[in-house]
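Position 1 is the first residue of the sequence, and the numbers go up from there.
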Amino acid sequence: MLADGSEVLFDVYEATVIWDGRPRRFAVDCVDSDPLIGMSLLDGYELTVQVIDGGRVGIKALP
């Protein structure tokens, strides 16, 4: 189910991502859109975003 309440069927794959030097396994949804990072990947990290054209995005591990 998407954020707008609509339902869509698509393929789901399992992938291993090297994140912060360690392999982590995730389900990957195959959709026709720009790539997105899921919130579960960011668990334990700080995300900062400059919400301007060309703004910086930073991700760093929390202590």
| task | Return yes if some donor-acceptor pair links the side-chain N/O of Glu46 with the main-chain N/O of Leu62 below 3.5 Å, else return no. | result | no
| message | Looking at Asp4, I'd like to know if its CG atom is crowded, meaning that more than 12 non-hydrogen atoms belonging to other residues, nucleotides or ligands lie closer than 6.0 Å. | response | yes
| Closest heavy-atom contact between Arg25 and Thr16? | CG-OG1, 3.8 Å
| Arg56 CZ to Thr48 OG1 distance, which is reported to the nearest 0.5 Å | 9.5 Å
| said: Taking Val28 as the starting point, is it possible to reach Leu42 by hopping between hydrophobic residues whose side chains are less than 4.5 Å apart? | reply: no
| field | Ala27 to Val12 - nearest heavy-atom pair and separation | value | CB-CG1, 3.9 Å
| message | With clusters defined by side-chain heavy atoms of hydrophobic residues (ILVMFWY) lying less than 4.5 Å apart, directly or transitively, does Leu9 cluster with Met1? | response | no
| note | So ring-ring contact (aromatic ring centres under 6.0 Å, His included) across residues 2-49, not counting sequence neighbours, yields Trp19-Tyr45
| message | I'd like to check the side-chain hydrogen bond (donor to acceptor under 3.5 Å, both in side chains) partners of Asp29; sequence neighbours left out, ordered by chain and number. | response | none
